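Quick caveat: nothing in here was measured; it's all calculated off a predicted structure. Here is the naming used below: chain letters follow the sequence lines, and residue numbers restart at 1 for every chain.
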Amino acid sequence: MPELPEVEVIRRGLEKYILGKTIQKIEILGSKTFQGDPKNVEGESVVAVWRRAKMLGLELGEITLLFHLKMTGQLVYISDKRFVGGHPTEDMKGKMPSNSTRVIFTFGDNSKLYFNDQRRFGWVRVVKSAKCKVQNEGILGRLGPEPFDKNFTWQILKSNLLNHKSQPIKVAIMDQSVVSGVGNIYSSESLFLAKIDPRRKVSELSDQEFKSLHRGVIKSLRDGIKHGGSTRAHFVNVEGERGYFLDYANVYGKEGYKCNNCPGKVQKIQLGGRGTYFCSSCQK
DNA sequence: CACTTGACCTGTCCGC
DNA sequence: TGCGGACAGGTCAAGT
């Protein structure tokens with residue numbers, strides 16, 4: 001599911017609600033989802049909630065709970081059997097855990113965090129904190145720069161993309177070693193903002209186009225966060241609320257609609273096996 | 001070696 | 001109403 005904006009929206013919600021709380025109990029309903037020994041986690045307190053690419057870390061001192069939500073993962077926080085804020089979606093009302101709940105964390109104040117994941121691609125792993133922080137090894141090692149970091153310049157973007165010279169730019173920009181956190185929705189949106197045809201080979205792009213794309217990536221991700229993330233089917237924040245970025249998106253999911261920028265129509269094609277949306281009249 | 005397809009899972013939607 | 005197939009936010013592995 002979530003790309004960078006959705007994971008960041010979840011991170012902010014977790015920071016608000018569970019920072020400082022002690023994990024008292026872990027119930028594992030889907031054994032594949034939880035990797036590691038829950039005994040090492042029970043009794044530990046959350047000292048930080050961070051995000052790297054599309055992964056979330058709950059820092060517990062010596063160890064960290066590392067989450068990847070993949071396509072349909074959700075983290076929903078419930079206090080006293082009521083939603084803390086917002087409005088529960090219909091299918092959540094009165095029935096948590098739902099049939100897709102895989103792990104339930106109970107905190108010292110008896111509030112709970114539900115890890116739901118319909119397709120079971122997502123996971124949470126118990127890892128050593130120190131290893132997590134060393135970004136040159138392990139699971140975080142192959143990730144490209146964070147798009148909001150100062151060190152993510154257009155020159156770095158260009159240089160990383162040039163490791164994928166012959167790929168279509170849409171496929172290359174989704175590679176997590178190029179820039180981390182861009183997935184199928186925001187890649188289409190970034191290329192629309194940059195006015196670049198998603199089928200173009202990386203090797204054909206000019207410096208001006210790398211600059212535009214760099215701006216487009218940052219702007220589309222920021223807009224995603226601003227609107228609470230993208231909900232196609234599953235994404236909700238920790239309060240169970242959907243996100244509204246897709247109401248503002250230019251091309252994703254807009255097949256057949258008029259382009260926001262010209263008289264053309266938005267088209268849908270397949271690239272690297274993924275649905276790709278663009279306007280062939282103004283993306284060249 | 002570069003690129004594509006399949007696998008991992010479950011659910012929904014669409015056409016017949 | 002039922003059935004088959006395509007498709008869905010991600011990432012690996014295997015195949016060509």
Contacts under 3.5 Å, N or O only, protein and nucleotides 11-14 of chain B:
from: B:dG11; atom 1: O4'; to: A:Q118; atom 2: OE1; distance (Å): 3.0

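Residue ring and nucleobase are stacked for A:F121 and B:dC8, with a centre distance beneath 5.5 angstrom and an angle between planes beneath 30°. Stacking of A:F235 onto the six-membered ring of C:dG9 is not present when judged by under 5.5 angstrom between centres and under 30° between planes.
Backbone-only engagement by A:R120 is indicated by non-hydrogen atom pairs under 4.0 Å involving sugar-phosphate atoms exclusively. As judged by a 4.0 angstrom heavy-atom cut-off over every strand, A:T231 is placed among the base-contacting residues.
Geometrically, A:K150 does not engage A:F152 in a cation-pi contact, judged by NZ or CZ lying under 6.0 Å from the ring centre and within 45° of the ring axis. Judged by the 6.0 Å distance and 45° axis criteria, A:R125 is positioned over the aromatic ring of A:W123. Annotation: cation-pi pair A:R102/A:F34 absent, no NZ/CZ under 6.0 Å from the ring centroid and within 45° of its normal.
For B:dC9, the OP1/OP2 oxygens have a side-chain nitrogen or oxygen of A:K32 closer than 4.0 Å. Contact check, A:R274 against C:dA8: no side-chain N or O comes under 4.0 Å of OP1 or OP2. Between A:K268 and the phosphate of C:dA6, there is no side-chain N or O to OP1/OP2 separation shorter than 4.0 Å.
A:L66 has its CG atom 17 Å from the P atom of C:dG10, to the nearest Å. Rounded to a whole Å, the NZ atom of A:K165 is 14 Å from the C1' atom of B:dC1. If you take CZ of A:R119 and P of B:dA7, they are 14 Å apart, rounded to a whole angstrom. The interatomic distance linking A:D117 (CG) with B:dC8 (P) rounds to 16 Å, in whole Å. The separation between A:W123 atom CH2 and B:dC9 atom P is 16 Å, rounded to whole Å. Between the OH atom of A:Y252 and the C1' atom of C:dC7 there is a distance of 10 Å, given to the nearest Å. Between the CD atom of A:Q35 and the C1' atom of B:dC8 there is a distance of 13 Å, rounded to whole Å. A:Q176 places its CD atom 8 Å from the C1' atom of C:dG10, with the value rounded to the nearest Å.
The P atoms of B:dG6 and C:dG5 are separated by 14 Å, rounded to the nearest whole Å. Taking atom P in both B:dC1 and C:dT11, one finds a spacing of 24 Å when rounded to whole Å.
With rounding to the nearest 0.5 angstrom, the CG atom of A:L157 is 7.0 Å from the CZ atom of A:F210. Taken from CZ in A:F245 to CG in A:L221, the straight-line distance is 8.5 Å, to the nearest 0.5 Å.
Ionic pairing of A:E15 and A:R12 is not present here: no N-O contact between side-chain nitrogen and carboxylate oxygen is shorter than 4.0 angstrom. Using a 4.0 Å cut-off between charged side-chain N and carboxylate O, A:K219 and A:D223 make a salt bridge. Salt bridge status for A:R199 with A:D197: present, with a side-chain N to carboxylate O gap under 4.0 Å. A salt bridge does not link A:K25 to A:E42: none of the charged nitrogens lies less than 4.0 Å from a carboxylate oxygen.
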Bracket notation of DNA chain C in which parentheses pair within the strand, [ ] cross earlier pairs, and | pairs with another strand (Watson-Crick or G-U, under 3.5 Å) = .|||||||.|||||||
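There is a path of hydrophobic side-chain contacts, each under 4.5 Å, that joins A:F67 to A:I28.
The side chain of A:S230 has C:dG9 as its nearest neighbour among B:dC9, C:dG10, C:dG9.
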